[in-house]
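As the structure is a computational prediction, the values presented were derived from the model and not from experiment. Read the numbers this way: they start at 1 and go in the same order the structure lists the ligands and their atoms.
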Amino acid sequence: MPHVVVIGAGIAGLTAAYRAVNAGHHVTVLEAASTAGGAIAPATFKLPEGPLTVDAGAEAYASRSTQMTQLLYELGLANQTVTPNPDGSWLYLPQTGAVPAPKLGMWGIPGDPTAAEVVQALGTQAAGRAAADLTTPMTTWAQRRAQGQPITVGELVADRFGPVALERLVAPVVAGVHSADPHELDIDKIAPGLLDKAIQRDSVARAVTDMRAAAPPGAAVKTLPGGMHRLIEALLDALSDRAEIRFETRVTALDPATRTVTTQTGQRLSANQVILAVDAPSAYDLLSSSTQLTQRPTYGTGVAIVLLIVDAPGLDVHPRGTGMLVSPAVTDVRAKAATHVTAKWQWAAQAATSLAKHRHIIRLSYGRITDPTDGSAPGHDTADADLLAMAATDASAIFGLEHQELNAGLIASKIIRWRRAMPLITPENTSRIRAVQEAARATNWIQVTGAWFAGTGLAAISQHVTGLPLNPLQ
Ligand SMILES: Cc1cc2nc3c(=O)[nH]c(=O)nc-3n(C[C@H](O)[C@H](O)[C@H](O)COP(=O)(O)OP(=O)(O)OC[C@H]3O[C@@H](n4cnc5c(N)ncnc54)[C@H](O)[C@@H]3O)c2cc1C
């Protein structure tokens, strides 16, 4: 039986392994960490009333993904998926403070630039400029599309809706959710099909409205009750007697000439095919000695997630819907986003209130890709004590609670730091990542996958893994 070696047991590696065993191959998964899942990971609080487990990394998937839907179906989980509370999120803006995010929108791009909440967020003059999208022909964008030019979210939104709409409506979402600068994020990456529809409808707003009509509020993402990490448990179950998974096994070398994989303990495995499901800088390290690669992709500044367990009756009314995205121009709140986990997910509310009546879970994220590299902005490298102090202050400002109420009700906290799981999308890094992918393909033995090559998120990754050629050499 051909032997397929999968390196990395994140969602990319595990789904690739699952595909490979289904194709009848003999599969070994090698994972550097002591657990599987990578950026899909649980965080468990051991509280006096009992344990409380939430997601520490990814918490949902884009429900438009047919590949994710298919995978969940095959794993027997399709009928368990749940959607978030449809209340929607809020924005924290300079001068204005907390305002509801436009109800009809996509990545902050408004479907109705004349809606009351858009006018509230932008002010009358900038809202008037945003409405120009409805009457200005899409001619130049159609031409650029026809020429195959890449188009960023930033340039499209600034042109169609004006710079204020970009800064106040779209930048908080793109920075908060994608950890990206809108001027460096391709529109097709975050909203596949939107630009073509906008050209057809002669308006980006009308295209957003059409696409949202197909996906009602709250239906854009789904999760599993108990958390997204349950998907990893299900994949491990499905692989349990069909593949060998070795933990704490870092791969240190790949030799396409002899088709051998070497681990940090010096073990050597022969493989007919290698699926490299790790971050691009790590993939570069494994490929550079046997290929012509010279430019290592770089990591971004990373993010820190602060989870707070709070007993606060003031949060029972969900004062900020499912959470808040903070404009990068805001200076009085340092977090880039906050999720009110127990407002967003019914399962989380049940789990928390089964322990205490007014118990809530809040998740704050720190670290934007646009942060200066001198460490002056809070993020991945900020000390625990500083992050926790900041999180308590930010949470009370964001949720409109007295600082004292929040501090008095704070039961427990955890900090989780992520750097490697999030691809750094800059034009220079994108070309370095592409070079790694090409070099792997040229070996005719190694295929790369995972967030750095497929794009961030479970939907992009599962689509990429589905398209991966599985053709082990004999
Ligand atoms: C805080 C946070 C929140 C997110 N929220 C969402 C969300 O809600 N929805 C969504 O769709 N996406 C979300 N994402 C993105 C999503 O989690 C990632 O895109 C995805 O999980 C990445 O999976 P992966 O398998 O490509 O990489 P990873 O999960 O990073 O897995 C790679 C694995 O490879 C291993 N590895 C690396 N080098 C080696 C080596 N040399 N040898 C052996 N093993 C090695 C690592 O230990 C790791 O386990 C979020 C990400 C973060 C960080």
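Counting only heavy atoms, the protein gets under 4.0 Å from atom 19 (O) of ligand 1.
The protein atom (non-hydrogen) at minimum distance from atom 12 (N) of ligand 1 is G457 CA, 3.4 Å. Scanning the protein for heavy atoms near atom 33 (C) of ligand 1, the closest one is E31 OE1, 3.6 Å. The protein heavy-atom contact nearest to atom 21 (O) of ligand 1 is A39 CB, 3.6 Å. A32 N, 3.1 Å is the protein heavy atom nearest to atom 44 (N) of ligand 1.
Checked against a 6.0 Å centroid threshold, the rings of H340 and H360 count as neighbours. No close placement of the F453 and H464 rings is indicated, their centers lying 6.0 Å or farther apart.
Judged by distance alone, with hydrogens and angles left aside, the side-chain atoms of S65 form no donor-acceptor pair with the main-chain N or O of A62 at under 3.5 Å. Within the 3.5 Å criterion, the main-chain N or O of M228 finds a donor-acceptor partner in the side chain of D55.
Every atom of ligand 1 is numbered from 1 in the order shown, and the set under 4.0 Å from a heavy atom of V278 is 34 (O), 36 (N), 37 (C), 38 (N), 39 (C), 45 (C). Listed by number with element, the atoms of ligand 1 under 4.0 angstrom from any heavy atom of V251 are 40 (C), 41 (N), 42 (N), 43 (C). Each of the atoms 43 (C), 44 (N) of ligand 1 lies under 4.0 Å from some heavy atom of L30. Proximity to G10 (heavy-atom distance under 4.0 Å) selects the following atoms of ligand 1: 25 (O), 29 (O), 31 (O), 33 (C). Atoms of ligand 1 lying under 4.0 Å from any heavy atom of A451, numbered from 1 in the order shown and given with element: 19 (O), 22 (C), 26 (O). Distances below 4.0 Å separate heavy atoms of G37 from the following atoms of ligand 1: 29 (O). Near I7, with a cut-off below 4.0 Å to any heavy atom, the atoms of ligand 1 are 42 (N), 43 (C). Contact atoms of ligand 1 toward I40: 21 (O) (distance under 4.0 Å to a heavy atom of the residue).
Nearest heavy-atom pair, S270 versus V5, reported as atom, atom and distance to 0.1 Å: O-CG2, 4.5 Å. Across every non-hydrogen atom of P100 and E117, the tightest pair is O-CB, 4.0 Å. Shown here for L47 and A412, the closest heavy-atom pair between the two residues is CD2-CB, 3.8 Å.
With a heavy-atom cut-off of 4.0 Å, R246 does not touch ligand 1 at all. For T249, every heavy-atom contact with ligand 1 shorter than 4.0 Å involves the backbone, none the side chain. Contacts with ligand 1 closer than 4.0 Å are made by heavy atoms of both the backbone and the side chain of I11.
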From CA spacing to verdict: side chain to side chain donor-acceptor pair (under 3.5 Å), E74, Y18: CA-CA 11 Å; E74 288 177 27; Y18 177 72; 2.9 Å; yes
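For the residue pair S240 and D237, no side-chain donor N or O sits within less than 3.5 Å of a side-chain acceptor on the partner. Under the 3.5 Å distance criterion, with hydrogens and angles disregarded, a donor-acceptor pair is assigned to the side chains of Y92 and D332.
Between R250 and ligand 1 there is a heavy-atom distance shorter than 4.0 Å.
Heavy-atom proximity to atom 32 (C) of ligand 1, evaluated over P281, A277, G450, is greatest for A277. Among G302, A62, A56, A58, the residue whose heavy atom lies closest to atom 6 (C) of ligand 1 is A58.
Judged by the 6.0 Å distance and 45° axis criteria, K222 is not positioned over the aromatic ring of Y61.
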